[in-house]
Amino acid sequence: MGRERLQNLVPVLLILLALIGFVLDRAGLLQPIGDLLARGTTPLQEAMNLIVSQVGELTQTARDLRDLRQRNRELEAQNASLLLENVRLREVETEATLLRDLLDFSQVYPSFDIRGAHVVGRVIGRDPSNLQRYITLDVGREDGIVRNMPVVTNRGLVGRISEVGDGWSRVLLITDVSSLVNALTQSTRASGLIQGQADGSLMMRDIPQEDVASVGDTVFTSGLGGDFPRQILIGQITKVERKDYELYQVATVQPTVDFDHLEVVLVITGFEPIEETTEDPSGNGQ
Amino acid sequence: MTIYLVVPLLVIGAVLQATIVPHLTIGGVFADLPLLIVVSWSLLRGAREGVVWGFIAGLAVDLLSGAPFGAATLSLIAVGFLSRVGEGTVFGTRVVLLLVTTFLATIVYDLVFLLIVQISGQTVAWLGSLLRVILPSAALNAVLSPIIFGMMRWLYTRLGREGMEL
């Protein structure tokens with residue numbers, strides 16, 4: 001009878017334990033335990049990731065197919081590099097034009113470009129939930145990683161470091177609903193906020209009605225708020241919604257980064273972000 | 001099945017969920033292996049064991065997730081508890097019950113998960129998540145549930161008849 005009663009209490013006890021864990025985590029007291037356990041799970045994740053990549057290799061049985069894939073990869077890399085170069089050149093041109101019109105440009109454009117060291121991190125895990133968009137990297141505190149550092153690839157902005165352990169770190173992707181990035185369009189300098197959507201796409205919101213946002217325009221980080229360096233490529237506008245009765249315009253943005261196939265990323269360690277990044281005042285993710 | 005087998009099984013399930021499963025997307029969503037395991041075991045062994053499995057699987061998922069600690073644990077405890085609706089009745093021809101239970105369990109899991117995420121101060125897109133993520137993933141989990149249930153039933157008949165030692 002006593003054992004029966006004890007067994008009936010098990011769910012309540014487990015819920016209590018989970019709630020205690022939630023509170024301790026919010027207070028930051030679970031970090032040492034998390035670090036300790038991550039030492040065990042990180043190699044496991046790495047091994048699993050290795051298996052995934054090896055199984056992927058095995059499926060490419062035809063040699064010519066592999067060659068084609070290789071050639072395709074090279075061309076894609078070349079294309080990405082040319083795209084980036086082209087975009088940068090256009091950005092420089094636009095900025096030069098703007099600077100000519102500004103007397104005190106040094107105040108408006110502090111030298112805030114990407115500098116300093118980059119840490120290359122391999123993606124060893126993804127978030128287990130469909131509702132959250134994080135990746136886990138194999139670099140951490142020991143490699144000089146701290147919270148809020150920007151993470152990029154050669155194709156553009158990936159996200160920012162949200163959690164750091166000794167040999168691992170977690171990246172909040174810009175496609176997550178809770179991520180907000182101050183952004184600017186390249187040709188018309190329309191400003192707005194890039195926010196992730198539930199389905200993993202990107203939306204540029206809070207674009208003032210008087211600004212011009214056009215389909216095909218490239219979107220960059222603006223550097224406003226100090227949470228990301230400026231001029232990091234984010235994506236391209238594919239759709240603009242402008243309603244006269246709304247305060248702001250909204251645009252759909254196609255990210256340049258392929259978030260489904262992230263393997264290696266760069267963590268910008270030379271940039272010192274402001275501790276707390278932009279928060280969503282309205283809390284209205286879509 | 002003893003706790004010494006349950007823990008590694010659920011940890012491996014969580015690690016697979018954080019490494020391989022997200023690569024296997026259908027319609028933009030991927031299956032939830034720990035949830036499928038917990039639902040299957042709850043249906044086979046009842047809510048009492050389902051809750052314990054949910055707790056262990058949730059801990060493992062929380063350790064590998066960027067979400068607030070406890071989000072997956074509390075959600076999977078709820079799933080383990082609520083799956084008692086179909087307890088012990090899925091053997092035989094009642095596959096529909098398995099599909100419906102898994103579909104509803106996924107919705108419950110995701111809604112509890114989002115609630116905890118919101119309580120922790122993060123932004124949540126309720127409607128967008130429901131329409132674009134939760135319902136499609138509930139459908140995907142339901143479709144896959146007979147496969148995982150079959151595996152868990154095999155495990156149950158081979159190892160688990162004596163129940164889990166707590």
Side-chain angles (χ1 to χ4, degrees), chain A residues 6-8 10-11 14-15 17-26 30 34 37-38 41 44-49 51-52 55-56 124-136 162-163 170-172 176-180 195-200 260-261 279-280 282-286, chain B residues 11-12 14-23 25 28-30 32-34 47-48 51-52 54-55 58-74 77 80-81 110 113-114 116-134 136-137 166:
Chain A
L6 188 70
Q7 284 185 334
N8 286 336
V10 166
L14 295 181
I15 290 169
L17 273 175
L19 286 173
I20 290 167
F22 176 73
V23 173
L24 290 177
D25 181 52
R26 293 287 90 197
L30 282 186
L37 292 170
T41 53
L44 206 56
Q45 281 182 284
E46 282 176 335
M48 285 290 183
N49 226 30
I51 292 167
V52 172
V55 168
I124 57 165
R126 286 163 192 280
D127 202 87
S129 169
N130 276 301
L131 299 164
Q132 303 261 296
R133 295 181 193 276
Y134 290 84
I135 52 171
T136 309
S162 63
E163 204 179 335
R170 205 159 273 145
V171 181
L172 174 71
D176 189 274
V177 175
S178 62
S179 164
L180 286 174
Q195 182 172 31
Q197 300 296 284
D199 60 0
D260 290 331
H261 299 97
E279 283 179 9
D280 183 7
S282 59
N284 62 348
Q286 296 296 306
Chain B
V11 168
I12 288 169
V15 171
L16 287 173
Q17 184 67 25
T19 50
I20 296 170
V21 177
H23 292 280
T25 55
V29 294
F30 49 86
D32 197 319
L33 195 55
R48 190 175 290 166
V51 165
V52 179
F55 178 77
L59 281 181
V61 171
D62 271 333
L63 285 170
L64 300 170
S65 168
F69 187 88
T73 308
L74 286 165
I77 288 175
F81 187 73
D110 284 337
F113 188 94
L114 284 180
I116 295 160
V117 168
Q118 182 147 53
I119 288 169
S120 74
Q122 291 183 28
T123 306
V124 170
W126 285 98
L127 189 60
S129 297
L130 182 69
L131 297 177
R132 296 181 209 166
V133 180
I134 297 176
S137 63
L166 290 175

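Naming: A, B, ... by sequence-line order, numbering from 1 per chain. Source: prediction; values computed, not measured. When reading the values below, keep in mind they use all heavy atoms of this one structure, side chains included, and skip hydrogens, waters and symmetry mates.
Once rounded to the nearest 0.5 Å, the distance linking CZ of B/F81 with CG of A/L14 reads 12.0 Å.
For the side-chain contact (heavy atoms from CB on, under 4.5 Å) test, residues two or more places apart in sequence or in another chain that qualify with B/T19 are A/Q45, A/M48, B/V15. Legend: residues meeting side-chain hydrogen bond (donor to acceptor under 3.5 Å, both in side chains) with A/D176, ordered by chain and number and at least two apart, are A/S178.
Nearest heavy atoms, B/T73 versus A/A18: CG2-CB, 3.7 Å. Closest approach of A/R170 and B/L64 over heavy atoms only: NH2-C, 3.5 Å.
Between the side chain of A/D25 and the backbone N or O of B/F69, at least one donor-acceptor pair lies under 3.5 Å. In this structure, the side chain of A/N130 does not engage the main chain of B/V29 through any donor-acceptor pair within 3.5 Å. A donor-acceptor contact shorter than 3.5 Å is absent between the side chain of A/D260 and the backbone of B/H23.
Considering only heavy-atom pairs separated by less than 4.5 Å from chain A, the leading option among B/S65, B/G70, B/A18 is B/S65. Put simply, of B/P22, B/A67, B/S120, B/A14, the one with the most heavy-atom pairs under 4.5 Å next to chain A is B/S120. Across A/S129, A/S179, A/P11, the residue that shares the most heavy-atom pairs under 4.5 angstrom with chain B is A/S129.
For A/L172, no part lies near chain B; criterion is any non-hydrogen pair under 4.5 Å. Residue contact with chain A, scored on non-hydrogen atoms closer than 4.5 Å, involves the side chain of B/I77 exclusively. Residue B/V21 does not touch chain A at all, counting heavy-atom pairs closer than 4.5 Å. Proximity to chain B (any heavy atom under 4.5 Å) is shown, for A/R126, by both the backbone and the side chain. For B/F30, the parts lying under 4.5 angstrom from a heavy atom of chain A are both the backbone and the side chain. Heavy atoms closer than 4.5 Å to chain B are found in both the backbone and the side chain of A/F22. Contacts between B/I116 and chain A at a heavy-atom distance below 4.5 Å involve backbone atoms as well as side-chain atoms.
B/L74 places a side-chain heavy atom less than 4.5 Å from the side chain of A/L19. Counting heavy atoms from C-beta outward, A/L131 and B/V117 have side chains that stay 4.5 Å or more apart.
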